[in-house]
Amino acid sequence: MFRDAPHFDVRDYLRQEMMPHFLCPGCGHGMALRALLWALHELKVDRDKLAVVSGIGCAGRLSAYIDANTFHTTHGRPLAYATGLALARPDLQVVVITGDGDCLAIGGNHLIHACRRNLKLTCLMLNNEIYGMTGGQVSPTTSETRLTTTTPHGNAEPNFDACALATAAGAGFVGREMTRHVPKLKELIKDGLQHPGFAFIEVLSDCTEVYGRKNDMGSSSEMVLRQKSEMRPSAYRDSVDEPFRSTDLPTGILARNTRPEYGAALRAAK
Amino acid sequence: MNAIDRSHAKPAAKLLSGNAACAQGAIDAGCTFFAGYPITPSSEIAERLSTLLPKAGGVFVQMEDEIAAMAAVIGASMGGVKALTATSGPGFSLKQENIGYAAGAEIPCVIVNVMRGGPSTGMPTRPSQADIFQTRYGSHGDYPIIVLAPASAREIYDETIRAFDLAEICRTPVVLLYDQVIAQSSETVSLGGRPPVHATRKWASGSREGYKPYAAGDDLVPPMPRPGDGYRTHTTGLTHSETGFPSQDPETVTRNLGRLYAKLEKHRDLIDSFEAVRCEDADVVIVAIGISARAARRAVDTCRAEGKKVGLFRPITLWPFPEIALREATKHARAVLVPELNIGQLRLEIERLLRDRRVEGLHLISGEPITPAEIAAAATKLASEV
Ligand SMILES: Cc1ncc(C[n+]2csc(CCOP(=O)(O)OP(=O)(O)O)c2C)c(N)n1
Ligand code: SF4
């Protein structure tokens, strides 16, 4: 177990009336949620002014548990909803929670354009390498050869490196961390929340139920332990820039720049 | 003697296209957010608003596609502003999933669909009226929606303002539907005597303890919680209870969905709008919208000059259909003629509503408007047969 800050009780940030939550035992998404709430706590974010926008999937369901202004939107579209919300209400702190399928498959177009636009939003993509909610179908992040309910002979498609993609598309802040290191993840999310433009954070999560089981990945703690070594960053490793080329899956802050923030630029132009 | 300056009383007439009138109507209705994706024949709305909105303290954003534009409009409205998007056929199809979200989660917004022929990319620069059913039934599942079908630039201006009012009053998406001819031809428009903007959003107020965002009063429209006011509510496209949290309890689901329909019924006096021309004694009533209704208006004059008792019923509110007014207008009519630029969409609805009457269609799918002479000939023929 990791140590929370002594004054941080995650229950204070959760909607108690929504308990018990629907996540499977051992699901990494719970850890990601805890890290987000911890980061919000340490930054003393005013929850009346906090808007959490999520898409559809197990990851998308998390917004309902957060005691703030929460919006559970349509599959793949939370970044587009959040763009309207953040432009209309620059006074709100807007956080997007999305899954790998939500963000990179159906929502891939919105991701690259959110990166390019650089509106102040914090996007947390929970990457469990699978479509969890619909029962374990292949995702754009599923490693090659892995078994899923729609790749019974092993996945033949190479996967995305979401961070390399976000960096290439111009995201102001790009980072990756694992649920294996919740305090580090919390620090990364804090950095992302404070970034003055678009922040993309990939969280390596685990779907114990429909992915781990199918691929004999052992218990949830075994899955967490193999997170970094088993998740393959990209089949295109040679074609991407440093630091994405290393054989290891890079974590931490991977890109940071201070391009002009889109909302402010829009409001300034009359 | 000094001449009295009356210039203030006579608003200057301007040459405006329907699309330009729509953009001006949006500004005058208090719209401060537009998100869109270019498509003919609707793009002039976006182009105009990209200039007008920043001056009015609003935001214009061109999104990466129509799905994103619809989503951004809903996001902006959830934040508390009046928001608009405009598109045409293929783009309107892309917006449908999120239009259903706005209907189900009760998010006010206005969507313009300047119809173009289909299927698929069809005829971008030609008039069509083939999206009548798509406006009503385009998204999945059961949901009600308001659709307004103006027939002139001036009416587009008024109905744009009314669309924003109805969206706010009923907490629902409202579609403005018109065709390419009305969208892109310029007409002399005087914006004097514009309808007053009477709707501002009903925000939740009062105690935050035990607050239920979907608990409605007598008007069946729950006040909306404004982010930042401390209510910290949840909004979802899933079926939900009065708390806003997902529910699949059969009774709860039935009650909430039933309320969505009932709230529009409750506001029918505000929603229903139509024009009836010389219907009182008409043997034949023409039912038409948009450019076809304008041609039909001329046809009525031609027929009357020849002694034929022909009238015109023009629904301005297309959905929910003003059926009481239709029945009243066709009380004595022995036949109804429906000229339209499609294979028979409005006709199907009229047949459904007037089952005891002969209903004939006049359908043109060539990409050209129907002429007054064609309508007059069809009405004359029909009058001689009944
Ligand atoms: C338009 C649309 N297509 C498909 C679905 C079905 N669907 C629901 S969740 C989901 C996948 C979610 O996967 P991911 O985003 O990776 O999240 P996870 O459940 O793994 O956390 C899909 C395909 C849907 N709800 N809407
Ligand atoms: S199905 Fe997978 S991702 Fe979804 S809650 Fe269960 S373990 Fe988590």
Side-chain angles (χ1 to χ4, degrees), chain A residues 15 17-18 22 46-56 60-61 63-94 96 106-114 116-117 119 121 262-263 266-270, chain B residues 32-35 50-51 53-83 85 96-102 104-105 107 109 208 213 225-238 240 243-246:
Chain A
R15 287 175 168 140
E17 67 272 31
M18 295 297 287
F22 91 117
D46 174 2
R47 277 175 292 152
D48 285 348
K49 293 274 186 182
L50 170 66
V52 182
V53 184
S54 66
I56 300 291
R61 281 296 185 101
S63 64
Y65 301 113
I66 303 173
D67 187 17
N69 305 283
T70 55
F71 304 92
H72 180 225
T73 65
T74 49
H75 188 35
R77 319 298 173 199
L79 281 169
Y81 275 78
T83 298
L85 180 60
L87 283 174
R89 293 292 302 275
D91 59 316
L92 299 176
Q93 169 107 37
V94 184
V96 171
I106 189 166
N109 200 27
H110 309 312
L111 172 67
I112 56 178
H113 291 282
R116 180 178 64 89
R117 243 175 235 125
L119 178 65
L121 289 174
Y262 176 66
L266 255 195
R267 283 187 294 279
K270 281 265 151 69
Chain B
T32 55
F33 187 90
F34 180 95
S50 70
T51 310
L53 270 173
K55 286 190 194 141
V59 172
F60 169 92
V61 55
Q62 182 171 313
M63 295 297 286
E64 51 273 18
D65 58 32
E66 286 89 348
I67 303 176
M70 189 65 225
V73 157
I74 298 173
S77 179
M78 296 194 296
V81 307
K82 291 187 179 180
T85 186
Q96 289 292 356
E97 184 197 12
N98 283 327
I99 291 175
Y101 183 97
I107 314 295
C109 53
R208 288 158 208 184
R226 207 176 96 95
D229 286 357
Y231 292 98
R232 295 189 198 163
T233 53
H234 186 59
T235 305
T236 179
L238 293 168
H240 44 268
T243 64
F245 293 113

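Labels below follow one simple rule: chain letters A, B, ... track the order of the sequence lines, proteins then strands, and each chain is numbered from 1. All values reported here derive from a predicted model rather than from experimental measurement. Scope of the values below: all heavy atoms of this structure, side chains included, with no hydrogens, waters or symmetry mates.
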remark   = With chain B, the option among T73(A), L266(A), I66(A), V53(A) that has the most non-hydrogen atom pairs under 4.5 Å is T73(A)

query = Taking it one step at a time, do L50(A) and R232(B) satisfy side-chain contact (heavy atoms from CB on, under 4.5 Å)?
reply = CA-CA 9 Å; L50(A) 170 66; R232(B) 295 189 198 163; over 6 Å; no

request  = List the atom of A71(B), the atom of A80(A), and the distance in Å for their closest heavy-atom pair.
outcome  = CB-CB, 3.6 Å

ask   = What is the distance from atom CE of M70(B) to atom CZ of R77(A), rounded to the nearest 0.5 Å?
value = 13.0 Å

ask   = Do any N or O atoms from the side chain of R89(A) and from the backbone of G79(B) form a donor-acceptor pair under 3.5 angstrom?
value = yes

message = Parallel, tilted or perpendicular: which one describes the rings of Y101(B) and Y81(A), with boundaries at 30° and 60°?
response = perpendicular

key: Closest heavy-atom pair and its distance - H234(B), T70(A)   = ND1-OG1, 2.7 Å

ask   = Measuring heavy-atom distances to chain A, does V73(B) have an atom under 4.5 Å in its side chain, in its backbone, in both, or in neither?
value = neither

task = Quick one: do R61(A) and L238(B) satisfy side-chain contact (heavy atoms from CB on, under 4.5 Å)? Show the steps, please.
result = CA-CA 11 Å; R61(A) 281 296 185 101; L238(B) 293 168; 3.6 Å; yes

key: Contact leader toward chain B among R47(A), K49(A), R116(A), where contacts are heavy-atom pairs under 4.5 Å   = R47(A)

task = Please look at A35(B) and chain A and tell me whether the side chain, the backbone, both or neither of the residue comes under 4.5 angstrom of a heavy atom of that chain.
result = neither

ask   = Do you know which of A82(A), A51(A), S63(A) has the most heavy-atom pairs under 4.5 Å to chain B?
value = S63(A)

ask   = So which of M18(A), E17(A), H75(A) has the biggest tally of heavy-atom pairs under 4.5 Å with chain B?
value = M18(A)

ask   = What's the shortest heavy-atom distance between A88(A) and V81(B), and which atoms?
value = CB-CG2, 3.9 Å

ask   = Under a 4.5 Å heavy-atom cutoff, which of I56(A), N109(A), T83(A) has the most pairs with chain B?
value = N109(A)

